[in-house]
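Notes follow once the structure below has been shown.
Order of the sequence lines fixes the chain letters, A, B, ..., with proteins taken first and strands second; residue numbering starts at 1 for each chain.
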There are 4 protein chains.
Amino acid sequence: MRSDSSRPGRTFLEEARRAQIVACAIDVLATEGYSRATMARIAEQAQVSKSVIVYHFGTKEKVFDQVVAEVFQTATVDLVPRLDAAKTPRAKLGAYIAGRVGFLASHRAHMLALFEIWMNLRNEDGTLRMSESDAESTVDAVEQLLRAGQASGDFGQFSPRVMAMAVRQAIDGVLLQLRHDPALDLDEYANELVELFDRATRRRR
Amino acid sequence: MRSDSSRPGRTFLEEARRAQIVACAIDVLATEGYSRATMARIAEQAQVSKSVIVYHFGTKEKVFDQVVAEVFQTATVDLVPRLDAAKTPRAKLGAYIAGRVGFLASHRAHMLALFEIWMNLRNEDGTLRMSESDAESTVDAVEQLLRAGQASGDFGQFSPRVMAMAVRQAIDGVLLQLRHDPALDLDEYANELVELFDRATRRRR
Amino acid sequence: MRSDSSRPGRTFLEEARRAQIVACAIDVLATEGYSRATMARIAEQAQVSKSVIVYHFGTKEKVFDQVVAEVFQTATVDLVPRLDAAKTPRAKLGAYIAGRVGFLASHRAHMLALFEIWMNLRNEDGTLRMSESDAESTVDAVEQLLRAGQASGDFGQFSPRVMAMAVRQAIDGVLLQLRHDPALDLDEYANELVELFDRATRRRR
Amino acid sequence: MRSDSSRPGRTFLEEARRAQIVACAIDVLATEGYSRATMARIAEQAQVSKSVIVYHFGTKEKVFDQVVAEVFQTATVDLVPRLDAAKTPRAKLGAYIAGRVGFLASHRAHMLALFEIWMNLRNEDGTLRMSESDAESTVDAVEQLLRAGQASGDFGQFSPRVMAMAVRQAIDGVLLQLRHDPALDLDEYANELVELFDRATRRRR
DNA sequence: CATGAATGAGCCTTCATTCAT
DNA sequence: AATGAATGAAGGCTCATTCAT
């Protein structure tokens, strides 16, 4: 039940270095963007030589993989309890939106970094590296939630898939907004979004 | 009243070359992503030597500037008539959403290219190159629309700014979706989004 | 006895264009230096397309050849009468120095351009392009002058060759000085140099 | 008291590489000239990949900066003791001229390299990069020397500034001569120059 | 465990020159 | 007589990665 991210026999110190490097990678990605997130710059941020990163990760790609894993893990830990606390589908939907936007507020860099990688990391053949593994599961969860709400009569009629996508995309959009306007009032934003989707999922009068 | 994009004394042939190069840049950006959209690859796509691009544009940056201009222009030409055709605020909102999603369907590469640039093009100091010039104007337009609808009693109470942002972001989100699932049924998507925001903007019963 | 620089059957207009281009090349060389004296920049200075230069000269190298010829010609025309006017060896030496420095004052760009080419133009094998053709003849002339002065008892004992070189180099040095200090008082400089070499060539008391 | 040029914590090996590269840069500058002194050619001369130079210096400009520093340093070390050994102003002047010309003989490449940079290195705006920082100090030193000699009655009346410039320029001129005639007898040249300026600075009979 | 050193592929750009018109 | 279009070679530089220590 403990340390589930450190798979093989990694020293405590090793794990610390990796965490530090991942944290710095996140910072650089968030503030400088994908194309400027070079090994050199990450190393500099970590006050460490480039080789240290190579030593611990082997490849830039693997650093980014770990960034993604770290963000997912952090987001999950943050979100799940909030969802569990809500009982009705409608409450759960509100908790999900508010939770995700809240996470944006408290972990701006995490989400920006994830987004940069999401947008830009590609396989050698040019295809996008990330897609289903994550988004699907997230969207799926919301979709299930919506379906359950429709079954129980809490929600009206609409395509659960499209609504789920819209929810996710609206939230991701907040992030984009945040890039240009760091002073954005996320609380108000969260409330309004909750309200928005509350109305959108309501049963026809 | 015609050709308003070809400012100085540009030959017909030159304009053609420029258009061709811009088109190829759009293709490469859309299919290969920002970081692989190099002069070399764009030139290859255009079956032309790198120098040709330099000759006609001077700089990679200027090619991308032109890509942005081209997409904006195309999108505007596509959207404005649709908006004008709609009379009521509610109809206008629906026309806007449907129009924008429809444009995604007919000009996938255009929008993907724009997005890549949007996300990645930065000034030398690391700050993002694009932000207000466009997004603002777009969001502003929607915001005005929503305000007008509220004033006329067509829409209920909500923050026009947040709702406008949500609309825009939801649409942008479709694009992201499209990156991973090219077979996405955009018609259904458009209808559902129209419906979604139709409900979300409704007056409390 | 007429037009001796326009060898083959060149139109008057042709000759004018060539002269214009050479003049512009001189300007660019003088103000921007050798490495920035590109075809493009020379053409721009002449308000003409690059191709015009190619058409009239065939090669950048040939433009520079013409620049050299032009400067030599102009300098010779300027200097010879002054020399002829002086009668004694000592007067001739003074006239030479004053004349050359005076030419620097009236034709700064000419001499700077010449100097840039002198310093930088090389053959394909890397060897310097210019050397004997000019310097030698100039230095030789001064050397003869000095020898004549020694023979007639006007000058004292010294190596005519070294003294001649020193004279030439001192004058060239003024040019270098001029590069950094355009406001240099060349009249004073000329007087002092004349005086200097007057003393240096004097017979031991 | 040792190694005062290796400012930060530079390895012995690093310093060696840097020295090697600077030496090769000097060679290439001296034999091939400024415009052919490219990263590629310097690297080739050093039997090393271009990247090594970048790794150790970051920029071509910085390589050249180091070349300049190296030449200055070497020249100073060579010259100062000679000057100190001479006691009278007249002796000092002779020592200076002979010393500088001697240095040309023993460090031809050094001086040629410096000269190439001096002549050609420019700032982005096209203005010459080098000028006062060094030349001034050199010329100033000679000027002081001459003034002192005039004050003490060792020298006659003349403009110390112009005479100092003439001295410097005459010496620099030797270098130009050397470019075209590598077999030049510098000893004779030095003696004659010393003699020349000895006479030129003498008091009127 | 960490590092400095080195490398090669690739990037954007400059430039003299060629060619068809 | 002049030009626009195009090109290939080369230039300086960035960067992920390899390697010996």
> When you check the phosphate oxygens OP1 and OP2 of F:dA1, does a side-chain N or O of C:Y55 lie under 4.0 Å from one of them?
Replying inline: yes
> Do the side-chain N or O atoms of C:T11 get closer than 4.0 angstrom to the phosphate oxygens (OP1, OP2) of F:dA1?
Replying inline: yes
> Do any pairs count as a salt bridge (charged side-chain N to carboxylate O under 4.0 Å, His left out) and have a residue in residues 111-123 of chain B, sequence neighbours left out, and if so which ones?
Replying inline: A:E116-B:R122, A:R122-B:E116, B:E116-B:R179
>> I'd like to check the salt bridge (charged side-chain N to carboxylate O under 4.0 Å, His left out) partners of B:E61; sequence neighbours left out, ordered by chain and number.
In response: B:R129
> Can you list every pair that meets ring-ring contact (aromatic ring centres under 6.0 Å, His included) and has a residue in residues 37-56 of chain C, with sequence neighbours left out?
Replying inline: none
>> Please determine whether a side-chain nitrogen or oxygen atom of D:R10 lies at a distance below 4.0 Å from atom OP1 or OP2 of E:dG4.
In response: no
> Between B:A40 and A:H56, which has a closest nucleotide on DNA chain E that is more 5'?
Replying inline: A:H56
> 5'-most contact on DNA chain E: C:E61 or D:S49, nearest heavy atom basis?
Replying inline: D:S49
>> Output the rounded distance in Å from CD (A:E15) to P (E:dC1).
In response: 12 Å
>> Once side chain to side chain donor-acceptor pair (under 3.5 Å) is applied, do any residues pair with D:Q45, and if so which ones, sequence neighbours excluded?
In response: D:D27
So which protein N/O to nucleotides 19-21 of chain F N/O distances come out below 3.5 Å?
none

> On DNA chain F, nearest-nucleotide positions of A:S35 versus D:S35: which is more 5'?
Replying inline: D:S35
> In what stems does DNA chain E take part, counting only runs of at least 3 consecutive Watson-Crick or G-U pairs whose two distances fall under 3.5 Å?
Replying inline: E:2-21 with F:2-21
> Side-chain donor or acceptor of C:K50 under 3.5 Å from a matching atom on the base of E:dT17?
Replying inline: yes
> F:dG11 phosphate, OP1 or OP2: any side-chain N/O from D:R41 under 4.0 angstrom?
Replying inline: yes
> How many angstroms lie between atom OG1 of A:T74 and atom NE2 of A:H110, to the nearest 0.5 angstrom?
Replying inline: 4.0 Å
> Taking 4.0 angstrom as the limit, do B:E14 and B:R17 come out as a salt bridge?
Replying inline: no
> Got a sec, which residues hit ring pair (Phe, Tyr, Trp, His ring centres under 6.0 Å) with A:Y34, two or more places apart in sequence or on another chain?
Replying inline: A:F64
>> Suppose we screen for salt bridge (charged side-chain N to carboxylate O under 4.0 Å, His left out). Which residues come up paired with D:R41, at least two apart in sequence or across chains?
In response: none
> What heavy-atom pair brings C:S49 and C:A43 nearest, and what distance separates the two atoms?
Replying inline: C-CB, 3.9 Å
> Can you check the D:E124 CD to E:dT14 P distance for me, whole Å?
Replying inline: 12 Å
>> Whole angstroms only, please: what is the CD-P distance between A:Q47 and E:dA2?
In response: 14 Å
>> Distance check needed: E:dA16 C1' versus C:L121 CG, whole Å only.
In response: 14 Å
> Is any side-chain N or O of A:R36 closer than 4.0 Å to OP1 or OP2 of F:dT14?
Replying inline: no
> Among all residues two or more places apart in sequence or in another chain, which pass the side chain to side chain donor-acceptor pair (under 3.5 Å) test with C:D125?
Replying inline: C:T127
> C:Y34 OH to E:dA16 P: how many Å, rounded?
Replying inline: 9 Å
> To the nearest Å, how far apart are B:K60 NZ and E:dC12 P?
Replying inline: 4 Å
> When the distance from CE of B:M39 to C1' of E:dT14 is rounded to whole Å, what number comes out?
Replying inline: 12 Å
> Separation of C:E14 atom CD from F:dA1 atom P, in whole Å?
Replying inline: 5 Å
